[in-house]
Amino acid sequence: MESKTGYKWDFYTASTCYLPQAHCLWRYRWRILLCICTPCIVTGCLLVYIALALCLAITHTYHGGLSGTLIPLLDDYFIAKGTNSSSLLAPHPMRPFWKEELNREAFWNLIQHVMDRQHNTILRARKNISENGNSTLHSLNKTGCFSNSDKMWNPSDYFSLPPQIQRFIKYMRCRDYPLLINQPGVCVSKQNQSEAPMLLLVIKSQAENIKNRQAIRFTWGHSGLVRGQVGRGGLVHRVFLLGKTEAGSKADVEQESKTYGDIIMWDFLDTFFNLTLKDVLFWDWYAKHCANSRFVFKGDDDVFVRTPALLDYLDRQKSKEFVAGDLITAALPVRSENTKYFIPHGFYKGSYPSYPGGGGVVYSGALVPRLLAISKRVHLYPIDDVYLGMCLERLGVIPIHNPAFLTFDFTESEAKEPCAHHTILMVHKRSPEEMLKLWIETLEPKSECRNTQLRKTCLQKKKKK
Ligand SMILES: *[C@@H]1O[C@H](CO)[C@@H](O)[C@H](O)[C@H]1NC(C)=O
Ligand SMILES: *[C@@H]1O[C@H](CO)[C@@H](O)[C@H](O)[C@H]1NC(C)=O
Ligand SMILES: *[C@@H]1O[C@H](CO)[C@@H](O)[C@H](O)[C@H]1NC(C)=O
Ligand SMILES: *[C@@H]1O[C@H](CO)[C@@H](O)[C@H](O)[C@H]1NC(C)=O
Ligand SMILES: *[C@@H]1O[C@H](CO)[C@@H](O)[C@H](O)[C@H]1NC(C)=O
Ligand SMILES: *[C@@H]1O[C@H](CO)[C@@H](O)[C@H](O)[C@H]1NC(C)=O
């Protein structure tokens, strides 16, 4: 009964409570809903809040840079002084964009890598890196010539190199050779002191090549006012660059210099691997004695140049960063031991930058001071034209390929054409006798060769047709 009455009571209270029924039920459901959903909503809000906070934290760190624990090994990376993390700064790279490890693959690459670092404001401040990988300062000999570079080599490796490479390595930091014969006045015009030369012809020669020099003097290397083929031409001067030879008599060269006033001679041995010295020392000489000339043609003493046509071509060039020649691209070091160009794997690794063939190249005078400055940051290289390419690459100057500069002579079919030599500005490997013949032809061309166009690449020829 008790349970019954209880039931009744329960029922009664329940019924009174749920009267009117719909209202009561609604209230009950609302409470349950509230009980269940409140934690859900709170958790949801919390999650959204956390997500937002995380997003903000991440974007803040990204803009602010290296703060917090997101980027480990902070000390390994350079942060410029005075630029602490701040949202005002642009984002900077998370990883270093330079090569951390020294490039030890070959001797030249290694010492150049060290030199690059010593001239890099960022890396210089970080560590003092020496060539033997030791972080102590590299002790340079005060003369700048003889350093401990031999230590880089395991003696057996070093002595297995060809003797000319050994000699090159021993002297490659030495560039302060004194002048034995100078021509300080060669660029000063006798008639008109204020007239600037249009072109300076700079010819690498050797003491014993007197026949070549004579041929050049009386043909394409004539000094003075030179008319263009069609244009008005300009003032041309000429110098020969010589080193000393063991056999050659210096007295003969001195006599020749007195007669013609066009010989510059330095006190270093005139060998193939020392030819780069002639470029570097010439740039220095130019800055002191001929800095007003508009263009420089640098060539060997066995090339033929159509100077009047060259003057016409140069007259059209306005750029201060002008370099033109027979552009050699994607060249690799010569690895066959029996050529004079041989470069061992241990000395240089990698391909060469684009460079104009050394037989003959022409560049604007305004470029010379820049070449001189950058050459102090590039170690001498045994191949002179490659060295010019290395310097140009660092200056960001792109040489122009001109097919009228012919370093490797005509193709067989081209050579048969009667007017072939009227299509070039420069051709390599011509004897003194040939120079004379070609010069006469240049001055008085046969009638069918009068209006010949300059040589073009096959592609250009096709386009014209
Ligand atoms: C950058 O931060 C470091 C350490 O947090 C502090 O010693 C230094 O003074 C700060 N530099 C600047 C310019 O605020
Ligand atoms: C690196 O060398 C320079 C020049 O001798 C010196 O002033 C600087 O303190 C050196 N830096 C370090 C990190 O040793
Ligand atoms: C670095 O060079 C110094 C002096 O030549 C030498 O004492 C030191 O042991 C070298 N350190 C290493 C790691 O080669
Ligand atoms: C520097 O070069 C001279 C040669 O002119 C040599 O006598 C000297 O021992 C060299 N010094 C060092 C520290 O290598
Ligand atoms: C000398 O050369 C300058 C520059 O080319 C020219 O302006 C001037 O007229 C010349 N003077 C004489 C006397 O020829
Ligand atoms: C370059 O010239 C110097 C100075 O005369 C000489 O000692 C050296 O052996 C020459 N180098 C080469 C590779 O012939």
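One-based numbering, in listed order, for ligands and for the atoms of each. These numbers were taken from a predicted model, which means no experiment stands behind them.
His428 and Asp302 share a donor-acceptor pair across their side chains, judged by distance under 3.5 Å alone. Between Tyr352 and Tyr381, the side chains place a donor N or O and an acceptor N or O closer than 3.5 Å (distance only, hydrogens not considered).
A donor-acceptor distance shorter than 3.5 angstrom exists from the side chain of Gln317 to the backbone of Tyr313, with no hydrogens or angles considered. No donor-acceptor pair closer than 3.5 Å links the side chain of Ser293 to the backbone N or O of Pro197.
Residues of the protein with a heavy atom under 4.0 Å from ligand 6 are Gln164, Arg167, Phe168, Tyr171, Tyr177, Phe268, Leu269, Thr271, Phe273, Asn274, listed by chain and number.
With a 4.5 Å cut-off on side-chain heavy atoms, Phe347 and Leu161 do not count as touching.
Remark: Asp384 pairs with Lys204 by the salt bridge (charged side-chain N to carboxylate O under 4.0 Å, His left out) rule, at least two apart or across chains.
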